[in-house]
Amino acid sequence: QVQLVESGGGQIQPGGSLRLSCAASGRSFGLDAMGWFRQAPGKEREFVAGVSFKDSVYYSDSVRGRFSISRDHAKNIQNLQMNDLKPEDTAVYFCVTRRGVPQTSASLWDYWGQGTQVTVSS
(Lines give C-alpha, C1' and ligand atoms only; values in the text may rest on other atoms or scores of the structure.)
Protein backbone atom coordinates (compact mmCIF):
# COMPACT_ATOMS: atom_id res chain seq x y z
CA GLN A 1 0.00 0.00 0.00
CA VAL A 2 1.38 3.38 -1.01
CA GLN A 3 2.10 5.69 1.89
CA LEU A 4 3.30 9.30 1.77
CA VAL A 5 4.48 10.95 4.98
CA GLU A 6 5.25 14.67 5.10
CA SER A 7 7.44 16.45 7.62
CA GLY A 8 8.97 19.87 8.16
CA GLY A 9 5.98 22.17 8.49
CA GLY A 10 5.68 24.81 11.17
CA GLN A 11 5.33 28.51 11.88
CA ILE A 12 7.76 31.00 10.40
CA GLN A 13 8.01 34.76 10.04
CA PRO A 14 7.64 36.42 6.63
CA GLY A 15 10.88 36.23 4.69
CA GLY A 16 11.94 33.04 6.40
CA SER A 17 12.61 29.58 5.00
CA LEU A 18 11.26 26.09 5.59
CA ARG A 19 12.06 22.72 4.07
CA LEU A 20 9.34 20.14 3.65
CA SER A 21 10.13 16.48 3.10
CA CYS A 22 8.02 13.56 1.97
CA ALA A 23 8.92 9.90 2.38
CA ALA A 24 7.19 7.53 -0.02
CA SER A 25 6.81 3.79 0.48
CA GLY A 26 4.77 0.87 -0.73
CA ARG A 27 5.94 0.38 -4.31
CA SER A 28 8.57 1.42 -6.81
CA PHE A 29 8.36 5.12 -7.68
CA GLY A 30 10.86 5.03 -10.52
CA LEU A 31 8.24 5.99 -13.15
CA ASP A 32 6.28 8.33 -10.91
CA ALA A 33 6.03 12.07 -10.82
CA MET A 34 6.07 13.59 -7.35
CA GLY A 35 4.80 16.94 -6.25
CA TRP A 36 3.22 19.27 -3.75
CA PHE A 37 -0.20 20.87 -3.46
CA ARG A 38 -1.43 23.27 -0.82
CA GLN A 39 -4.80 24.26 0.54
CA ALA A 40 -5.54 27.43 2.45
CA PRO A 41 -8.71 27.81 4.55
CA GLY A 42 -11.75 28.32 2.34
CA LYS A 43 -9.79 27.74 -0.87
CA GLU A 44 -9.36 24.86 -3.30
CA ARG A 45 -6.24 22.75 -3.42
CA GLU A 46 -3.57 24.48 -5.50
CA PHE A 47 -0.64 22.99 -7.40
CA VAL A 48 2.68 24.21 -5.99
CA ALA A 49 5.46 22.20 -7.64
CA GLY A 50 6.16 18.91 -9.36
CA VAL A 51 9.15 16.83 -10.45
CA SER A 52 9.07 14.13 -13.11
CA PHE A 53 10.86 10.77 -12.96
CA LYS A 54 13.45 12.38 -15.26
CA ASP A 55 13.86 15.27 -12.77
CA SER A 56 12.13 17.90 -14.88
CA VAL A 57 10.65 20.47 -12.50
CA TYR A 58 7.48 22.53 -12.66
CA TYR A 59 6.28 25.40 -10.48
CA SER A 60 3.20 27.52 -10.08
CA ASP A 61 3.67 31.18 -10.92
CA SER A 62 3.09 32.12 -7.29
CA VAL A 63 6.14 30.22 -6.00
CA ARG A 64 8.54 30.18 -8.97
CA GLY A 65 11.87 31.69 -7.95
CA ARG A 66 11.21 31.16 -4.23
CA PHE A 67 10.53 27.41 -3.93
CA SER A 68 12.68 24.54 -5.14
CA ILE A 69 11.60 20.91 -5.49
CA SER A 70 13.98 17.96 -5.55
CA ARG A 71 13.87 14.21 -5.13
CA ASP A 72 16.17 11.41 -4.05
CA HIS A 73 15.33 8.43 -6.26
CA ALA A 74 17.29 5.94 -4.19
CA LYS A 75 15.49 6.86 -0.95
CA ASN A 76 12.05 7.68 -2.43
CA ILE A 77 12.11 11.09 -0.80
CA GLN A 78 11.14 14.44 -2.22
CA ASN A 79 11.84 17.84 -0.72
CA LEU A 80 10.39 21.31 -1.10
CA GLN A 81 12.72 24.13 -0.12
CA MET A 82 10.64 27.24 0.53
CA ASN A 83 12.43 30.59 0.73
CA ASP A 84 11.21 34.17 1.16
CA LEU A 85 7.95 32.90 2.60
CA LYS A 86 4.94 35.20 2.53
CA PRO A 87 1.72 35.21 4.57
CA GLU A 88 -0.15 34.04 1.46
CA ASP A 89 1.92 30.84 1.53
CA THR A 90 0.08 29.82 4.69
CA ALA A 91 -1.68 26.52 3.97
CA VAL A 92 -1.67 22.80 4.55
CA TYR A 93 0.89 21.31 2.17
CA PHE A 94 0.27 17.86 0.67
CA CYS A 95 2.77 15.47 -0.87
CA VAL A 96 1.45 13.69 -3.98
CA THR A 97 2.54 11.09 -6.50
CA ARG A 98 1.23 9.72 -9.80
CA ARG A 99 2.40 7.62 -12.74
CA GLY A 100 3.44 9.83 -15.62
CA VAL A 101 4.29 13.52 -15.74
CA PRO A 102 3.29 16.16 -13.18
CA GLN A 103 -0.16 17.68 -13.60
CA THR A 104 -1.59 20.90 -12.18
CA SER A 105 -5.02 19.35 -11.58
CA ALA A 106 -5.45 17.79 -8.16
CA SER A 107 -7.81 15.13 -9.49
CA LEU A 108 -5.06 13.65 -11.68
CA TRP A 109 -2.78 12.66 -8.78
CA ASP A 110 -3.13 9.13 -7.45
CA TYR A 111 -1.85 9.26 -3.88
CA TRP A 112 -1.85 11.95 -1.22
CA GLY A 113 -0.15 12.39 2.11
CA GLN A 114 -1.96 13.60 5.23
CA GLY A 115 -0.60 17.12 4.92
CA THR A 116 1.60 19.37 7.01
CA GLN A 117 0.69 22.88 8.18
CA VAL A 118 2.81 25.85 7.16
CA THR A 119 1.97 29.16 8.82
CA VAL A 120 3.71 32.38 7.80
CA SER A 121 3.00 35.11 10.29
CA SER A 122 4.76 37.80 12.26
Side-chain angles (χ1 to χ4, degrees):
Q1 183 174 353
V2 173
Q3 192 171 18
L4 303 175
V5 180
E6 303 100 336
S7 60
Q11 185 164 349
I12 191 80
Q13 292 186 342
S17 298
L18 279 176
R19 184 179 178 88
L20 304 183
S21 294
C22 173
S25 62
R27 74 174 191 196
S28 172
F29 295 91
L31 295 178
D32 281 25
M34 302 188 84
W36 295 89
F37 277 73
R38 66 186 181 187
Q39 188 168 23
K43 295 189 175 181
E44 294 186 352
R45 290 188 180 184
E46 172 192 23
F47 173 79
V48 176
V51 56
S52 74
F53 64 89
K54 293 185 177 181
D55 291 328
S56 296
V57 296
Y58 307 82
Y59 299 99
S60 68
D61 290 341
S62 61
V63 308
R64 187 177 291 111
R66 300 188 296 122
F67 291 12
S68 177
I69 189 171
S70 62
R71 66 189 288 177
D72 183 328
H73 293 268
K75 296 180 179 180
N76 289 332
I77 292 173
Q78 66 159 332
N79 299 300
L80 184 69
Q81 178 66 41
M82 306 185 294
N83 299 325
D84 189 23
L85 282 159
K86 306 176 185 299
E88 52 264 41
D89 295 317
T90 295
V92 177
Y93 284 70
F94 297 91
C95 171
V96 293
T97 186
R98 69 182 302 274
R99 283 287 155 89
V101 299
Q103 300 286 343
T104 58
S105 174
S107 65
L108 296 178
W109 291 83
D110 300 321
Y111 297 98
W112 292 71
Q114 296 276 52
T116 185
Q117 177 71 45
V118 172
T119 302
V120 185
S121 173
S122 55

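Note that the structure is a prediction, hence the values are computed from the model and not measured. The basis for the numbers below is simple: all heavy atoms, side chains too, and nothing from hydrogens, waters or symmetry mates.
Using a 4.5 Å cut-off between side-chain heavy atoms of Ile, Leu, Val, Met, Phe, Trp and Tyr, with links allowed through other members, Ile77 and Ile69 fall into different hydrophobic clusters. Criterion: ILVMFWY side-chain heavy atoms under 4.5 Å apart, direct or through other members. Under it, Phe94 and Leu4 are not part of a common hydrophobic cluster. In the hydrophobic clustering of ILVMFWY residues, with side-chain heavy atoms under 4.5 Å counting as a link, Tyr58 and Trp36 come out apart. A continuous path of ILVMFWY side-chain contacts below 4.5 Å connects Val92 to Phe37, so both sit in one hydrophobic cluster.
Between Pro14 and Ser122, the closest heavy-atom pair is CD-N, 3.7 Å. Nearest heavy-atom pair, Leu85 versus Met82, reported as atom, atom and distance to 0.1 Å: CD2-CB, 3.8 Å. Closest approach of Arg71 and Val51 over heavy atoms only: NH1-O, 3.6 Å. Residues Arg38 and Ser62 come closest through the heavy atom pair NH2-OG, 3.4 Å. Closest heavy-atom contact between Gln81 and Ser17: NE2-CB, 3.9 Å. Smallest separation of non-hydrogen atoms from Asn76 and Arg27: ND2-O, 4.3 Å.
Between the CZ atom of Arg98 and the OG atom of Ser105 there is a distance of 9.5 Å, given to the nearest 0.5 Å. With rounding to the nearest 0.5 angstrom, the CG atom of Leu20 is 9.5 Å from the CD atom of Gln78. To the nearest 0.5 angstrom, Tyr59 atom OH is 9.5 Å from Phe47 atom CZ. Distance CG/Leu18 to OG1/Thr116: 9.0 Å, rounded to 0.5 Å. With rounding to the nearest 0.5 Å, the separation of CD in Gln13 from OG1 in Thr119 is 13.0 Å. Remark: Met34 CE to Asp32 CG distance equals 7.5 Å, nearest 0.5 Å.
The aromatic rings of Phe67 and Tyr93 sit tilted, their planes meeting at an angle between 30° and 60°.
Trp112 carries Arg45 over the face of its six-membered ring, with the cationic atom under 6.0 Å from the centre and within 45° of the normal.
In terms of modelled atom types and a separation under 3.5 Å, the side chain of Glu6 and the main chain of Gln114 share a donor-acceptor contact. Panel note: side chain Thr97, backbone Ala33; a donor-acceptor pair is recorded below 3.5 Å.
Between Arg66 and Asp89 there is a side-chain heavy-atom pair separated by less than 4.5 Å. In this structure the side chain of Ser121 never reaches within 4.5 angstrom of the side chain of Pro87, judged on heavy atoms. Between Phe29 and Val2 there is a side-chain heavy-atom pair separated by less than 4.5 Å. Considering only heavy atoms from C-beta on, Cys95 stays 4.5 Å or farther from Tyr111 through its side chain. Residues Gln117 and Thr90 are in side-chain contact: their nearest non-hydrogen atoms beyond the backbone lie under 4.5 Å apart.
For residues 105-121, the set of pairs meeting the salt bridge (Lys or Arg N to Asp or Glu O under 4.0 Å) definition, not counting sequence neighbours, is empty. Residue pairs meeting the salt bridge (Lys or Arg N to Asp or Glu O under 4.0 Å) criterion with at least one partner in residues 79-88, sequence neighbours excluded, are Asp84-Lys86.
Remark: Asp61 engages Arg64 in a salt bridge (charged side-chain N to carboxylate O under 4.0 Å, His left out) (not counting sequence neighbours).
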